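These notes are about the structure you will find just below.
Below, read A as the first sequence line, B as the second, and so on, with proteins coming before strands; counting in each chain starts at 1. Because the structure is a prediction, the values reported are computed rather than measured.
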Amino acid sequence: MSENEAILLKKIKNGDVESFELLIADYQVYAYNVAYRMLGNEEDAKDMTQEALIKVYKSIHKFKENSNFSTWLYRIVMNTCKDELKKRKEVILSLDKEIETNDGRISREIGDERLNPSKIVERNEVSKMVQEAISALSDSNRMVIVLRDIQGLSYEEISQVIKEPIGTVKSRINRGRSQLKKLLIEQKHLILSEQY
Amino acid sequence: MNCDRYEDLIHLHVDHRLNKKETESLMAHMETCSHCKETYDEISALKELLGGIQMKELPDGFEQELHFKLVKAQQEKSETWRDRIKAFIAQGSKMKLAASFGGIALAAVLVVAGTGLLPNMDSAYPEQIYEMASEAYDDSGATEEMFTMATMDAPTEEAMPALKSMDALGRAGDVVLTFSENSELAVTAGQATNFSVTANGVTKPTQTSDNTFSGRLIIKTANLSLDVENYDEVSTEVYRMVEELGGYISDTSSYFYIYDRYDDGNNKKSGYMTLRIPHQAFDQFVKQLNTFGVVTNFSSNANDITKQYRDTTSEVKNLEVREAKLRDIMDKAEEIKDIIEVERELSRVRSDINRYQSILTDWEDLVSLSTITINMTEVEDLKIFVKPVDKDVLTKAKEGFIYTINRLVDALEGLFVWLIASSPVVLPVGIIGGFTLRKLYKRWKN
């Protein structure tokens with residue numbers, strides 16, 4: 001924590017909003033990107049980033065000056081996103097759940113929208129494709145992948161952000177990457193087969 | 001070493017977390033294992049791909065929106081501190097409240113327990129629930145008919161025997177009679193549940209004009225509460241007396257109330273009446289009332305208005321002289337302007353005279369006719385004003401209290417015995433269960 005930040009922090013603790021905005025000026029774009037990778041859409045990312053930053057502001061008195069502000073910020077963003085994802089899961093219902101009938105079970109069929117040409121164009125954009133693959137990861141794996149490979153945090157920092165030991169971070173990175181690799185390769189084949 | 005182990009190393013290698021020895025061993029393995037080499041290439045490519053993802057820029061208006069929210073949060077923050085203090089104080093008073101409630105409850109229990117122990121406690125305050133009968137019948141959904149009449153008519157009297165005694169009212173002049181009658185009740189009870197009569201004595205009783213107001217002018221009013229054994233009988237008698245004396249009833253209302261909540265049929269009547277009687281008869285009348293029942297409350301007031309009355313009378317006289325003078329001037333006046341001015345003055349004087357005179361008439365009325373308000377309550381027996389609520393109630397409460405205490409002691413004893421007796425089973429099961437729950441919670445949390 002630099003000296004400037006320490007001064008700002010003191011002002012923020014007295015409720016100064018402008019100082020807070022100065023302090024987070026460099027961080028908010030990272031926070032936003034993390035949220036975007038976690039949630040997969042810009043609207044939610046914006047809302048959750050703001051919610052997280054408000055939380056940071058409100059609980060700034062809990063921040064210990066000898067710890068790393070960015071790590072602390074990342075953790076709050078991550079937790080906010082996690083809560084949001086949990087909330088989402090509670091309302092998401094399965095589309096292909098089997099329906100019970102008198103003659104046994106039948107499965108619901110859903111129209112295939114993948115062959116829509118505009119969608120294919122979108123999919124060709126690498127970042128879109130990557131984002132989709134990231135979205136398919138489990139929440140805990142996605143978290144470490146986003147922090148490590150997109151945001152470039154060290155293993156130690158990640159361990160601090162998600163409050164898990166380094167061993168767990170390592171294994172999650174390994175698992176996440178392998179899963180992601182598999183997903184991307186599958187997607188690539190799919191796109192290729194659609195294109196030709 | 002198998003390939004799984006090397007895959008772990010690959011991930012660490014792309015993150016530059018391997019030492020020289022480990023790197024060498026990985027490289028050596030990849031020379032021979034094409035599968036691991038492929039994995040390594042893929043992972044490196046993936047890392048490059050992810051690392052090369054362009055940072056998304058903040059959406060438009062992000063900072064303004066955030067600023068707005070922050071300012072709001074700041075206000076809330078300062079508010080919450082204030083709220084917390086308030087809440088703390090409120091909590092304090094709440095606790096006080098709770099404590100006082102607890103104290104009251106405890107006191108009540110002690111009183112119940114204590115009084116229950118006293119032998120032959122046979123007087124307690126009866127719970128009288130006054131309930132407007134008409135309200136209760138409204139709820140039953142019965143139709144309510146409203147009658148408004150200009151004068152008293154024979155049919156109404158037939159329908160309402162209770163009104164028969166009120167012939168006197170007919171003479172008092174214009175009587176506006178408004179009553180609501182419940183048709184169902186009329187069949188079963190044969191009388192009105194609630195009726196009120198408002199009499200506007202426009203035509204004054206004969207005595208008023210005979211009065212000369214030479215002596216002292218005193219406005220007498222009395223207010224008394226009367227417990228009677230038969231409401232209807234007494235009220236009829238009162239009406240008769242008022243009629244005889246040449247007074248009138250200016251206001252009356254009566255209703256049923258639940259006398260004994262454990263005896264549905266035993267409803268009693270209660271009500272009030274405002275009487276106007278000639279002032280000469282005031283003392284005698286009040287004395288007479290004492291014979292009808294027990295006077296539980298009596299107050300009377302005499303207001304001497306002699307001085308005010310004289311002042312006002314002389315003021316009126318002065319004004320009348322002035323009026324006469326103005327009329328003279330009026331006759332002599334020739335110019336329109338003067339006439340208008342005098343006329344204005346004249347009308348002002350006239351209205352003053354009228355105003356004072358109406359005050360005088362009111363006083364005369366108040367003095368000549370004293371006002372007596374009687375609150376009459378019908379009771380079962382005049383000798384005992386209060387009856388015990390129910391002889392059994394206190395005993396029941398005492399028994400219930402003892403029963404509850406015994407049950408509580410039994411339950412606690414049982415629980416204690418059970419805990420000790422089953423501890424060899426309960427303890428291990430509890431410990432294992434606790435651990436499992438904790439584990440499950442941790443897993444769920446992750």
Of the listed residues ([options]), which shares the most heavy-atom pairs with chain B below a 4.5 Å separation?
{"options": "Glu18(A), Lys58(A), Arg148(A)", "answer": "Arg148(A)"}
{"options": "Ser140(A), Gly152(A), Ser178(A)", "answer": "Ser178(A)"}
{"options": "Asn174(A), Val17(A), Asp149(A)", "answer": "Asn174(A)"}

Option that, when pairs with chain A are counted at under 4.5 Å, heavy atom only, ranks first among [options]:
{"options": "Gly51(B), Ala45(B), Ala73(B)", "answer": "Ala73(B)"}
{"options": "Glu7(B), Glu57(B), His67(B)", "answer": "His67(B)"}
{"options": "Ile43(B), Asp15(B), Ile10(B), Leu12(B)", "answer": "Asp15(B)"}

Exercise: identify the closest heavy-atom pair between [X] and [Y]:
{"X": "Lys56(B)", "Y": "Tyr36(A)", "result": "CE-CZ, 3.1 Å"}
{"X": "Tyr155(A)", "Y": "His11(B)", "result": "OH-O, 4.0 Å"}
{"X": "Gln28(A)", "Y": "Leu66(B)", "result": "OE1-CD2, 3.7 Å"}

Could you tell me whether [X] atom [atom1] has more than 12 heavy atoms of other residues or ligands within 6.0 Å of it?
{"X": "Asp60(B)", "atom1": "CG", "result": "no"}
{"X": "Lys13(A)", "atom1": "NZ", "result": "yes"}
{"X": "Lys82(A)", "atom1": "NZ", "result": "no"}
{"X": "Lys55(A)", "atom1": "NZ", "result": "yes"}

task: Apply side chain to side chain contact (heavy atoms under 4.5 Å, CB included) to Ile185(A) and Glu42(B), showing your working.
output: CA-CA 10 Å; Ile185(A) 290 166; Glu42(B) 281 168 355; 3.7 Å; yes
field: Contacting moiety of Glu65(B), where chain A heavy atoms sit under 4.5 Å
entry: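 Backbone plus side chain of Glu65(B), per the 4.5 Å heavy-atom cut-off to chain A.
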field: Region of Leu46(B) in contact with chain A, defined by heavy-atom distances below 4.5 Å
entry: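 Contact with chain A: side chain only.
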- prompt: Knowing that exactly one of Thr39(B), Leu50(B), Val14(B) qualifies, which makes a side chain to side chain contact (heavy atoms under 4.5 Å, CB included) with Arg177(A)?
  reply: Val14(B)
To the nearest 0.5 Å, what is the distance between [atom1] ([X]) and [atom2] ([Y])?
{"X": "Leu70(B)", "Y": "Glu21(A)", "atom1": "CG", "atom2": "CD", "answer": "5.5 Å"}
{"X": "Leu58(B)", "Y": "Glu42(A)", "atom1": "CG", "atom2": "CD", "answer": "11.0 Å"}
{"X": "Ile173(A)", "Y": "Lys47(B)", "atom1": "CD1", "atom2": "NZ", "answer": "8.5 Å"}
{"X": "Lys69(B)", "Y": "Tyr57(A)", "atom1": "NZ", "atom2": "OH", "answer": "15.0 Å"}

- prompt: Would Tyr30(A) and Met55(B) satisfy side chain to side chain contact (heavy atoms under 4.5 Å, CB included), going step by step from the backbone distance to the final call?
  reply: CA-CA 8 Å; Tyr30(A) 295 108; Met55(B) 284 271 267; 3.3 Å; yes
query: Does the side chain of Phe62(B) come within less than 4.5 Å of Val29(A)'s, by heavy atoms?
result: no
message: At a 4.5 Å cut-off on heavy atoms, which part of Gln50(A) comes close to chain B: side chain, backbone, both, or neither?
response: both
- request: Counting only heavy atoms closer than 4.5 Å, note whether Ile24(A) contacts chain B via side chain, backbone, both or neither.
  value: side chain
- request: Flag the pair Glu156(A) and Arg17(B) as a salt bridge only when some basic side-chain nitrogen lies within less than 4.0 angstrom of an acidic carboxylate oxygen.
  value: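 A salt bridge links Glu156(A) with Arg17(B).
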